[in-house]
Amino acid sequence: MMELRDLYRDVIVDHNRNPRNAGRLEQADHEAHGDNPLCGDQLDITLQMEGDVIHDIRHQGRGCAISTASASLMSEAVKGKSRQEVENLFEQVHAMLTQANGPVPTELGKLAALAGVREFPARVKCASLCWHTLNAALAGQGRTISTE
Amino acid sequence: MLDVAKIRAEFPILARKIRNRPLVYLDSAASAQRPRAVIEAISGYYEQHHSNVHRGVHTLSQEATELFEGAREKVRRFLNAATHREIVFVRGTTEAINLVAQSWGSSQLGPGDEVLITWLEHHANIVPWQQACARTGATLRVIPIDRRGVVDQQAFREMLGPRTRMLAISHVSNALGTVLPVREMVAAARELGVTTLVDGAQGVPHGPVDVQDLGCDFYCFSGHKLYGPTGIGVLYAREAVLEHMPPWQGGGDMILNVSFEGTTYNELPYRFEAGTPNIAGAVGLGAAIDWFCALDHHAVAAHEAMLLAHATERLQQVPGLTLVGTAPGKASVVSFTIDGIHPHDLGTILDGEGVAIRTGHHCAMPVMKFFDLPATARASFAVYNTTAEVDALIDALGVAREMLG
């Protein structure tokens with residue numbers, strides 16, 4: 001049985017206490033709002049693009065430690081990445097969160113701290129909300145996305 | 001004194017280990033566990049007596065019918081309803097309220113009419129009325145609460161008026177544990193000829209209910225919160241009201257005669273029970289009522305009050321903890337938040353300690369919004385819980401604070 005310390009690793013606890021890139025970009029050219037109706041988690045992602053690349057990103061919302069840390073880790077990971085690179089990263093994160101025994105790719109870096117979430121199916125949506133919201137922002141839909 | 005050790009021994013699931021620790025089940029307000037008597041009544045029914053009801057002339061069909069109708073009689077006695085015609089079996093409280101909102105609502109509500117509910121309601125006593133109002137042009141009005149989670153009685157008296165057609169209120173708030181002054185509110189409504197519904201999902205598990213004494217027209221509850229099966233519940237409806245309500249679902253069992261020219265509906269309560277019912281569920285509910293009624297209810301009330309007092313006292317000593325819902329005379333439910341720790345993280349960490357609590361909005365989002373919270377953690381106490389389990393909850397909260405605080 002997995003220990004809770006594997007879910008709430010130091011990296012997660014740290015990013016929950018001190019989320020990186022928190023807030024809103026006033027000069028955002030892309031944004032989206034995400035809801036997880038089951039938890040009441042809410043998240044706003046604002047982006048500034050430079051051509052095809054995420055120049056800057058902020059996240060702001062309220063949610064559990066997993067969702068806050070995931071948004072914080074994601075914001076660090078995607079800054080300076082192209083749309084295609086973000087898409088590839090999302091695929092890998094999604095696989096890590098949902099595939100029970102798959103290997104965790106080394107290129108995920110600090111995002112690998114979220115691997116423990118897959119042992120807690122009720123919490124997977126907490127970790128993935130920010131990614132779905134980022135996708136919606138990149139797609140420029142400008143509408144609310146929901147995990148449900 | 002309640003012999004809690006003896007009671008616990010009757011609940012097989014309480015012997016379970018969760019993550020290598022003894023289960024501490026503090027989520028009975030979401031769904032209680034079942035004593036062996038209920039489990040055996042259900043399996044005994046399937047092993048010995050099952051067939052369809054109200055149809056066959058063969059032995060099994062007669063036995064199944066007797067068991068099913070016997071369960072109805074147990075419910076009637078449990079609620080002190082005047083006749084079995086007032087006891088409609090449904091899937092649960094939610095379906096009971098939907099039945100009333102659709103059948104009674106569509107025939108009795110119109111533009112200018114008002115439906116009164118409180119701010120404390122579960123979504124099951126909000127959404128069906130919103131839908132009924134949307135269909136009929138009636139207006140939904142909400143009686144406010146104060147910071148303790150107490151329904152504002154003065155506002156209620158002011159809102160109650162000639163336009164009010166329905167007062168639909170919880171007996172006990174699921175999110176906060178507030179016990180509403182149902183008898184007084186119903187009496188005030190009846191004086192003006194207002195029809196009344198009481199959502200008793202959280203009411204019946206704490207003690208017997210006398211619907212004639214309460215004076216309400218409708219009372220609803222779910223089997224699974226009363227130590228019975230899921231998928232079975234009860235709508236009590238005063239006969240004088242029910243007999244004027246149109247059927248809400250058509251099908252078998254709810255008819256006397258069907259032809260393509262027209263259909264004659266069955267008598268009460270069968271007119272409201274289309275299709276093969278949850279027979280095993282009703283039998284299990286009957287067994288749960290027998291089991292529950294054999295307990296000393298003064299001892300049950302004293303035990304639950306003791307657990308609530310112990311939990312309240314110990315929780316107030318946890319740094320950063322805020323109790324949400326502090327009404328006097330609450331049912332054995334404590335909702336709370338802890339600074340810096342989201343309820344969902346609490347729920348996961350407590351589960352790691354074997355402690356099962358509910359976290360989230362408790363299907364009462366307006367209550368959460370009132371307190372400006374996305375969610376709370378909620379521990380609820382039933383007959384089988386102990387002070388040692390309350391202490392286990394407090395210890396587990398310490399683990400959570402150490403991990404995330």
Side-chain angles (χ1 to χ4, degrees), chain A residues 1-19 22 33-44 59-73 97 113-130 144 146-148, chain B residues 16-23 27 30 123 126-127 175 320 324 335 337-378 395-405:
Chain A
M1 182 53 68
M2 172 159 233
E3 287 299 317
L4 276 172
R5 274 286 171 205
D6 289 329
L7 177 64
Y8 295 106
R9 292 177 197 182
D10 290 344
V11 176
I12 307 276
V13 172
D14 172 42
H15 276 257
N16 177 47
R17 281 199 193 125
N18 307 297
H33 177 78
D35 272 326
N36 184 341
L38 290 183
C39 314
D41 285 1
Q42 295 190 358
L43 182 69
D44 284 301
H59 61 96
Q60 179 173 286
R62 60 179 183 184
C64 63
I66 303 299
S67 82
T68 304
S70 182
S72 172
L73 287 162
L97 293 176
L114 288 161
V117 173
R118 62 186 173 191
E119 298 287 330
F120 298 84
R123 307 301 301 278
V124 169
K125 283 176 181 170
C126 308
S128 61
L129 173 65
C130 59
T144 295
S146 168
T147 55
E148 294 310 301
Chain B
R16 256 207 74 171
K17 294 264 196 292
I18 302 291
R19 298 180 185 267
N20 287 325
R21 289 162 188 273
L23 165 66
D27 198 19
H123 296 162
I126 301 173
V127 182
V324 183
S335 237
T337 58
I338 294 186
D339 288 346
I341 309 182
H342 191 279
H344 282 98
D345 296 314
L346 267 186
T348 296
I349 296 170
L350 265 53
D351 184 60
E353 302 295 309
V355 180
I357 59 161
R358 172 80 191 267
T359 56
H361 52 58
H362 314 295
C363 295
M365 289 169 99
V367 175
M368 297 295 112
K369 194 168 179 207
F370 177 81
F371 289 101
D372 193 27
L373 296 167
T376 69
R378 180 190 71 185
D395 291 346
L397 292 176
V399 172
R401 290 187 58 245
E402 201 178 298
M403 207 176 275
L404 291 184

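Remember, predicted model here, so these are calculated numbers, not experimental data.
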All heavy atoms of B/Pro22 vs all of B/Lys17, minimum pair found to be N-CD, 3.9 Å
Within residues 355-369 of chain B, the residues sitting under 4.5 Å from chain A by heavy atom, in sequence order, are B/His361
Taken in chain and number order and not counting sequence neighbours, the residues that satisfy side chain to side chain contact (heavy atoms under 4.5 Å, CB included) with A/Thr68 are A/Asn16, A/Pro19
Is A/Leu7 close to A/Ile12 at the side-chain level, that is, under 4.5 Å between some pair of heavy atoms? no
For A/Asp14, the salt bridge (Lys or Arg N to Asp or Glu O under 4.0 Å) test, sequence neighbours excluded, returns A/Arg20
Bottom line for B/Leu373: the part with an atom under 4.5 Å from chain A's heavy atoms is backbone
Sorted by chain and residue number, the ring pair (Phe, Tyr, Trp, His ring centres under 6.0 Å) partners of A/His15 (sequence neighbours excluded) come out as none
Note: B/Thr337 and B/Ala375 closest approach over all heavy atoms is CG2-O, 3.9 Å
